[in-house]
Amino acid sequence: MIQRGTAEIVPIEDLVHKLRRSVATGQPLRLKLGMDPSSPDIHLGHTVVLQKIRQLQDLGHICHLIIGDFTGRIGDPTGKSETRRQLTAEEVHENARTYVQQVLKVLHPDRTEIVRNADWLAPLTFSDVVRLASVLTVARMLEREDFQKRFQENRPIHIHEFFYPLMQAYDSVHLHTDIEFGGTDQKFNLLMGRTLQKEFGQEPQVAVMMPILEGLDGVQKMSKSLGNYIGIDEPPKEMWGKVMSIPDDLMPKYFELLSGVSVEELRHIQAGLRDGSLHPRDAKMRLAKELVTRFLGAEAAAEAETNWKAVFQQGGLPQDIPEVRIQPGPRWLVKALVELGLATSNSEARRAIEQGGVRVNGERVADVNAEVDLRDGTVLQVGKRRFVRCRA
RNA sequence: GGAGGGGUACCAAAGUGGCCAAAUGGGGCGGACUGUAAAUCCGUUGCGUAAUGCUUCGUAGGUUCGAAUCCUACCCCCUCCA
């Protein structure tokens with residue numbers, strides 16, 4: 001059960017040992033998850049790890065959720081986003097608040113302890129840091145894939161980036177962590193925790209790594225900055241729609257990592273997808289229903305489902321179209337689109353019309369010079385999914 | 001401290017006096033096909049009721065009939081040597 005859906009557990013024997021001992025002594029294990037407070041929303045990619053932790057919590061173990069308010073100042077080195085904006089204390093605080101609220105939709109509220117690593121990292125003195133750093137060698141640091149890559153390609157690696165894994169590892173020392181969770185991309189950091197804990201005479205933590213969930217594009221990992229994510233706080237219709245737009249190939253993985261269905265059921269679904277007896281679209285609908293229900297409630301799910309079917313299977317209008325107040329009367333269509341926020345500039349509006357993407361009350365209008373008489377209830381549409389209803 | 005390379009549109013990357021509002025690829029957007037999937041194809045991607053129009057190529061000046069392209073100063077980034 002614990003292994004289901006995981007990518008790798010290092011080392012598995014230690015995990016077994018820790019679990020056994022916990023059962024014997026009644027002493028819960030100390031789990032740890034660090035989160036980056038740079039953005040306030042969590043998405044399905046995060047929930048993969050969170051759900052795993054939840055399982056352990058349901059067995060009585062406790063989790064420290066670390067708000068990386070100190071490590072966030074550096075940012076986990078990815079090589080990509082080299083310059084990361086420094087967040088102000090207020091921003092971090094604000095992000096953390098919504099973060100926690102969302103995270104607790106998945107984690108067990110009573111067995112989750114929220115901590116901030118600035119509490120123990122900020123007071124460290126330079127000599128403390130030097131002592132920490134002396135444990136490691138540059139060669140060891142360069143084992144890390146992205147460092148190695150950048151080193152070989154002669155791209156810059158900043159010294160302070162080396163401190164990120166170190167700090168994360170020190171979090172484990174400070175919290176006496178038994179098991180740390182993360183994505184497979186966290187492997188180096190998680191193992192660093194073991195190294196440092198040993199250095200401090202502690203029993204090393206177990207690293208549990210979960211697969212990385214690809215986002216809507218089906219290729220890159222789900223992340224806010226790539227804009228390919230499904231947030232757990234999104235409007236039901238949004239969430240439903242996004243699930244439906246996931247590439248088919250990802251369905252087996254999505255079910256495995258996100259769905260709560262039983263193992264037999266999971267196998268059944270995956271087999272169905274493979275041999276074609278289960279239409280990918282139906283699999284997605286099922287997943288969409290499960291996810292929207294879990295995060296937003298059954299009612300929201302039902303509504304989202306009805307809406308989706310109406311709009312996309314029957315090609316109708318969504319039930320609740322955004323409404324915009326207008327001054328009724330005729331005007332140039334191009335201007336109307338801009339006024340209603342369906343285009344950001346006249347040029348863009350003009351293009352949309354020329355390309356046949358604009359409909360007024362369901363009628364396609366392809367004449368750039370067209371006039372529209374906006375009245376209460378007039379519906380304008382650009383593309384397949386952007387609608388606005390006028391309100392006088 | 002020394003030497004060299006570079007800053008171009010959302011991103012990457014060409015262009016090195018006029019043919020440049022700026023190749024090409026990615027991304028985005030619109031259309032076709034579909035299942036709001038993928039793949040594919042077509043169109044489009046600064047602004048502008050469009051005009052031999054306006055504003056864009058790190059910043060500020062200058063040369064020129066004319067500059068992303070030449071000159072000067074400044075800012076920023078990277079690499080190598082020490």
Side-chain angles (χ1 to χ4, degrees), chain A residues 78-84 149-159 161 214-220 222-223 225-230 234-255 269 272-274 276-289 292 304-319 321 330-339 341-360 363-372 380-387:
Chain A
T78 59
K80 248 189 247 166
S81 52
E82 280 153 38
T83 46
R84 190 182 277 231
K149 223 174 132 200
R150 278 196 272 164
F151 186 69
Q152 279 168 357
E153 292 172 3
N154 282 331
R155 282 189 295 136
I157 301 172
H158 296 270
I159 298 293
E161 294 184 276
E214 288 83 355
L216 301 175
D217 55 84
V219 180
Q220 296 195 270
M222 185 177 285
S223 91
S225 53
L226 291 172
N228 63 352
Y229 68 102
I230 304 179
E234 298 202 46
K237 292 185 192 72
E238 235 357 71
M239 189 185 286
W240 187 285
K242 284 186 177 183
V243 173
M244 294 307 293
S245 77
I246 295 161
D248 292 358
D249 305 341
L250 250 34
M251 266 308 99
K253 186 168 183 180
Y254 263 64
F255 263 98
I269 291 169
L273 285 169
R274 216 173 308 122
S277 61
L278 175 61
H279 195 302
R281 180 197 54 216
D282 296 329
K284 280 185 208 176
M285 284 223 238
R286 179 167 171 179
L287 187 64
K289 189 168 199 163
V292 177
E305 179 172 12
T306 317
N307 179 73
W308 190 85
K309 284 181 174 164
V311 179
F312 298 110
Q313 291 198 317
Q314 268 108 56
L317 292 176
Q319 281 138 351
I321 302 174
R331 66 262 268 154
W332 186 30
L333 179 55
V334 167
K335 290 277 186 212
L337 292 176
V338 174
E339 181 184 347
L342 290 168
T344 55
S345 68
N346 288 11
S347 294
E348 187 180 305
R350 184 189 294 270
R351 253 175 252 136
I353 297 169
E354 280 169 351
Q355 297 182 143
V358 174
R359 285 165 193 273
V360 177
E363 290 286 321
R364 176 166 294 173
V365 177
D367 177 8
V368 185
N369 297 312
E371 296 266 318
V372 259
L380 294 204
Q381 176 183 1
V382 173
K384 290 179 180 120
R385 40 187 125 162
R386 285 146 66 211
F387 302 86

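Chain identifiers are assigned alphabetically (A, B, ...) following the order of the sequence lines, protein sequences preceding nucleic acid strands; residue numbering begins at 1 within each chain. Heavy atoms only: backbone and side chains are in, while hydrogens, waters and symmetry mates are out.
Separating the CG atom of A:Leu250 from the C1' atom of B:A39 is a distance of 16 Å, rounded to the nearest angstrom. Following rounding to the nearest Å, A:Lys237 (NZ) and B:U36 (P) show an atom-to-atom distance of 17 Å. One can place CD of A:Glu214 at 15 Å from C1' of B:A37, the figure rounded to the nearest angstrom. Atom C1' of nucleotide B:A50 and atom CZ of A:Arg350 are separated by 6 Å, given to the nearest angstrom. Put simply, CG on A:Asp367 is 11 Å from C1' on B:U49, counting in whole angstrom units. Between the CG atom of A:Leu337 and the P atom of B:C47 there is a distance of 14 Å, given to the nearest Å. When the P atom of B:C29 is taken as reference, atom CD1 of A:Ile353 falls 18 Å away, rounded to whole Å. Atom CH2 of A:Trp332 and atom P of B:U49 are 5 Å apart (whole Å).
Residues meeting the salt bridge (charged side-chain N to carboxylate O under 4.0 Å, His left out) test with A:Arg364, sequence neighbours left out: none. Annotation: salt bridge (charged side-chain N to carboxylate O under 4.0 Å, His left out) contacts of A:Glu348 (sequence neighbours excluded): none. Every residue two or more places apart in sequence or in another chain that forms a side chain to side chain contact (heavy atoms under 4.5 Å, CB included) with A:Arg286 is listed here: A:Phe255, A:Val261, A:Glu265, A:Ile269.
Using Watson-Crick or G-U wobble geometry with both donor-acceptor distances under 3.5 Å, B:C57 finds no partner in any strand shown. The partner of B:A3 is B:U79, by the rule that a Watson-Crick or G-U pair needs both atom distances under 3.5 Å. In a base pair of the Watson-Crick type (N1 to N3 plus N6-O4 or O6-N4) or a G-U wobble (N1-O2 and O6-N3), with each distance short of 3.5 Å, B:C41 is matched with B:G31. Judged by Watson-Crick or G-U wobble contacts below 3.5 Å, the nucleotide B:A12 has B:U24 as its partner. Searching all strands for a Watson-Crick or G-U wobble partner of B:C70 with both distances below 3.5 Å returns B:G62.
On the P atoms, B:C76 is 42 Å away from B:G30, given to the nearest whole Å. Going from the C1' atom of B:U24 to that of B:C71 covers 31 Å, rounded to whole Å. A distance of about 14 Å separates the C1' atoms of B:G6 and B:U16, rounded to the whole Å. For the P atoms, the distance linking B:A21 with B:A12 amounts to 24 Å, nearest Å. With both ends at atom C1', the span from B:G1 to B:A60 equals 29 Å, rounded to whole Å. With both ends at atom P, the span from B:U79 to B:G28 equals 31 Å, rounded to whole Å. Between the C1' atoms of B:U55 and B:U8, the separation comes to 16 Å (whole Å). For B:C57 and B:U69, the P atoms lie 9 Å apart once the distance is rounded to whole Å.
By the 4.0 Å N-to-carboxylate-O rule, A:Arg331 lies too far from A:Glu371 to be salt-bridged with it. The existence of a salt bridge linking A:Asp248 and A:Arg281 is excluded, since no basic side-chain nitrogen approaches an acidic carboxylate oxygen closer than 4.0 Å.
Contacts of A:Ser347 with the nucleic acid, taken as non-hydrogen atoms under 4.0 Å apart, include base atoms. Across all strands, A:Asp282 comes closer than 4.0 Å to no nucleic acid atom at all (heavy-atom distances).
For B:U49, one of the phosphate oxygens OP1 or OP2 lies less than 4.0 angstrom from a side-chain nitrogen or oxygen of A:Asn346.
If A:Leu216 and A:Lys335 are placed on RNA chain B by their nearest nucleotide, the residue sitting closer to the 5' end is A:Leu216.
Annotation: side chain of A:Ile246 is in contact with side chain of A:Ile230 (closest heavy-atom distance under 4.5 Å). No side-chain heavy atom of A:Phe387 sits under 4.5 Å from any side-chain heavy atom of A:Leu380. Two residues are said to be in side-chain contact when any heavy atoms from C-beta on lie closer than 4.5 Å; A:Lys335 and A:Asn346 meet this criterion.
Among all heavy-atom pairs drawn from A:Arg386 and A:Leu342, the shortest one is NH2-O, 2.8 Å.
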I'd like a list of close polar pairs between nucleotides 22-26 of chain B and the protein, N/O only, cut-off under 3.5 Å.
none

Mind listing the side-chain donor-acceptor pairs of residues 349-360 of chain A below 3.5 Å, one per line with the distance, residues two or more places apart or on another chain?
unit_1	atom_1	unit_2	atom_2	d
A:Arg359	NH1	A:Gly362	O	3.2

Q.
So if I define the base as every atom that isn't primed, P, OP1 or OP2, how would nucleotides 30-35 of chain B read as a B/S/- string at a heavy-atom cutoff under 4.0 Å?
A. SSS-BB
Q.
For A:Trp240 and A:Lys289: C-alpha separation, side-chain torsions, deciding distance, then whether side-chain contact (heavy atoms from CB on, under 4.5 Å) applies.
A. CA-CA 7 Å; A:Trp240 187 285; A:Lys289 189 168 199 163; 3.9 Å; yes
